[in-house]
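Here the structure is a predicted model, which is why all the values come from computation and not from measurement.
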Amino acid sequence: MYYDEPQGMAAKAMGFVRKQVANRLNGSLEDRDPDYLREALPWLWLLSTFYFRAEVRDLGNVPADRPALLVGNHSGGNVIVDTFIFSLAFSTYFGVERPFHQLAHNLAVAWPVAGGMLRKSGTLSASHEHAEEALEAGAPVLVYPGGDWETHRPSWEGNKVDFAGRKGFIRLALDAGVPIVPVVSIGGQETALFLSRGAGLAKALRLDKLLRLKVLPVSLALPWGINVGDFAGHLPLPAKITIEVLPPIDLEREFGPDPDVDEVYDHVTALMQEALDGLAAERRLPVIG
Amino acid sequence: MRIDESVQVAAPAETVWRYLEDPENYLHFMSGITHWEVVGEHPNGLGARYRILVRVGAAEVGGLVEMVEWHEPFDIAWHSVSGVDHRGRWRIRERRPGRTRIEYRFAYGVVGGGIAGLITEVAAMLPVRRQMRRTLQQLKRQVEHEQRRLEAELRRATRGAVAS
């Protein structure tokens with residue numbers, strides 16, 4: 001009896017945590033709060049304009065009156081500044097009233113405080129169902145097929161689009177009947193010195209099974225110095241961020257009624273790589289841009 | 001935050017008005033403008049609506065605006081309906097024949113208040129003022145060019161009438 005009580009409490013605590021996490025992961029489209037976004041815009045504008053000297057080009061390529069699947073290359077470790085900058089640009093261009101959702105890793109959405117802020121800004125935990133639901137509701141959805149694999153790539157691979165062969169986004173666009181709009185960004189991988197994905201370490205610690213994490217990244221980042229995992233984030237260096245939105249790709253029109261997923265994947269990644277090479281050619285110095 | 005800028009142009013108020021009342025001209029002289037689209041049935045006049053976007057810092061800001069004053073040939077004023085909260089006005093006054101002062105007034109607020117809102121309003125002041133000055137200089141060039149074109153047209157018509 002003496003030992004049962006703490007066990008019971010531990011079980012209750014675990015149950016509580018599990019319930020909290022499940023609630024956050026099952027968040028709905030209605031968690032997005034336009035007023036919250038409107039109030040966040042001044043901070044985002046200040047940071048984007050003066051700290052990151054950000055530039056977002058060709059937002060007019062996002063269809064104004066119908067949903068679309070926005071496909072981006074993922075950068076910056078767990079501090080994905082380009083996503084925040086893109087959200088600012090989208091909200092000022094189309095107005096906070098237009099629904100817009102992003103998919104993020106379960107861990108980010110379930111995180112206390114930060115997770116709540118992400119959900120209010122329209123972020124949903126990454127799943128095919130959530131994306132489909134948002135597209136059906138008429139909202140553009142931003143996905144990062146490369147996920148944790150791409151965002152933790154070493155800094156010297158910063159100008160490389162690496163979706164690790166993940167093609168689920170193509171099936172998603174086909175099922176929903178929406179165009180793919182590639183969103184290419186540069187500079188995120190210069191916000192810290194990313195050294196290694198630590199894929200072997202993640203596998204050895206079974207993080208892929210326990211937390212859907214295929215990486216345990218190692219970087220040199222402020223204020224930690226050596227930063228393993230990047231779970232608490234880091235203070236990003238003021239790298240210049242440039243984002244370019246490419247013209248929409250109507251899959252059925254360009255690839256026929258039953259497109260070959262591999263062919264579409266090669267086409268989309270090649271287009272994005274070409275655009276990223278163009279952005280890289282404009283940069284003279286790391287961080288400064 | 002409210003900013004006022006003005007410019008003197010060598011043209012009568014009617015020429016300035018005719019240029020400013022045509023929504024198609026705005027893309028030619030508004031500095032930093034990336035989008036100007038008529039929304040609704042009326043291209044101009046009281047109640048006309050436009051979707052406008054202007055690049056300020058890292059973002060293209062703007063939204064839907066509605067014309068709330070249309071007093072020919074003196075005043076055009078608008079208010080934002082959605083997007084960034086702002087008001088604007090063209091004040092056109094002919095000081096002496098053929099010499100007109102155009103005043104461009106722009107007032108904006110950053111919803112969200114607090115320290116971030118205040119800092120943003122102040123930080124945005126310099127780029128906004130710079131764009132307003134550039135806008136007025138471009139407007140002056142366009143209007144004076146238009147005035148010279150009208151005068152040349154008149155001279156040609158007069159010569160034609162005398163010759164016949």
Crowded around [X] [atom1]? As in, over 12 foreign heavy atoms under 6.0 Å?
| X | atom1 | answer |
| --- | --- | --- |
| A:Glu97 | CD | yes |
| B:His145 | NE2 | no |
| A:Arg283 | CZ | yes |

Discussion item. On the six-membered ring of A:Tyr93, is B:Arg55 placed so that its NZ or CZ lies under 6.0 angstrom from the centre and within 45° of the ring axis?
Written reply: no
Worksheet item: Where on A:Phe50 is there a heavy atom nearer than 4.5 Å to chain B: the side chain, the backbone, both, or neither?
Response: side chain
Worksheet entry | Interface moiety of B:Val84 toward chain A, non-hydrogen atoms closer than 4.5 Å | neither
Discussion item. Out of A:Leu47, A:Val56, A:Leu44, return the one with the most heavy atom pairs under 4.5 angstrom to chain B.
Written reply: A:Val56
Smallest separation among heavy atoms of [X] and [Y], with atom names:
| X | Y | result |
| --- | --- | --- |
| B:Glu60 | A:Thr92 | O-OG1, 2.9 Å |
| B:Ala123 | A:Leu46 | CB-CD2, 4.0 Å |
| A:Trp45 | B:Ala58 | NE1-N, 4.0 Å |

Worksheet item: Do the non-hydrogen side-chain atoms of B:Ile115 and A:Trp43 ever get within less than 4.5 Å of each other?
Response: yes
